[in-house]
Amino acid sequence: MRLIDTHTHLDFDDFEADRQAVLNRCQQVGVERMVVLGVYQRNLQRVWDLALSEPQVYAALGLHPIYLDEHRPEHVQELRDRLAAVAGHPKLCAVGEIGLDYYVESLDREHQQTVFDSQLQMAADFNLPALLHVRRSHADTIATLKRFKLKRSGIVHAFAGSREEAREYIKLGFKLGLGGAATWPQALRMHRVIAELPLDSVVLETDSPDMAPAMYPHVRNSPEHLPDICKALADLMKISAERLSLASTENANALFGW
Ligand SMILES: [Zn+2]
């Protein structure tokens, strides 16, 4: 099985003690590439350095809506300068993690929208895919994406929306990132939605260290768990794990131009 983890936070401190061992185990279980994402100004260099030093790691750079209150206007400008400086570099694969989070009510929505718009403009200007965090904000996200019409689209990470929302994203050329959350037995709506998704719209992810899958509950999630997540999701989709791994890897390769 050859797999791509399209969303992991391997640069986080959770992996400080054993990052190299995790990467080695990923190699052994067939997780051949992974995307590590920027979330705030202070991790952008760390993500970039990790991508440069590890052959299987690729970098997305962006400012995450959850850390909105930490983002200064100069951080947005710095991100643009950073993208300009490494534009076209094979280790730069996307703008992300960016988006809108309406679940956390203390995050100012107008300010979120401003930061999101600026970063989608960067994805357009540097011709990169966008990796999106979308919580309780599908309608506004879809409306925003319709305005931007990104040529290289992107991924709605940890997709947990409805069948109709899935259809809207797919129409916009976006892939839906599936991971551990859908493997939990109580995620009944997700199970129904996933079973109907066209295979060419799906990519796999762990969101590690978060979003532990049902088979590894309450422990640090890790990209090395992706083969087990793939098996569990394939069962829900009533296809073989081999078929899901092939399709999701092909989709990720096409999106990132690998
Ligand atoms: Zn994330």
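Just so it is clear, the values below take in all heavy atoms, side chains as well, and ignore hydrogens, waters and symmetry mates. Ligands are counted one by one from 1 in listed order, and the atoms in each one are counted from 1 as well.
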Starting from the C-alpha separation in whole Å, work towards a yes-or-no answer on side chain to side chain donor-acceptor pair (under 3.5 Å) for E70 and H75.
CA-CA 9 Å; E70 198 179 308; H75 294 175; over 6 Å; no

Is it true that some N/O/S atom of H133, main chain or side chain, lies under 2.8 Å from the Zn ion (ligand 1)?
no

Hey, is there an N, O or S on H7 sitting under 2.8 Å from the Zn ion (ligand 1)?
yes

Tell me if the centroids of the rings in F159 and H138 come within less than 6.0 Å of each other.
yes

I'd like to know if D228 pairs up with K231 as an ion pair, taking the criterion as any Lys NZ or Arg NE/NH1/NH2 lying under 4.0 Å from an Asp or Glu carboxylate oxygen.
yes

Atom name, E97 (N, O or S, nearest to the Zn ion (ligand 1)):
OE1

Answer yes or no on whether R42 is positioned over the face of Y40, meaning its NZ or CZ is under 6.0 Å from the six-membered ring centre and within 45° of the axis.
yes

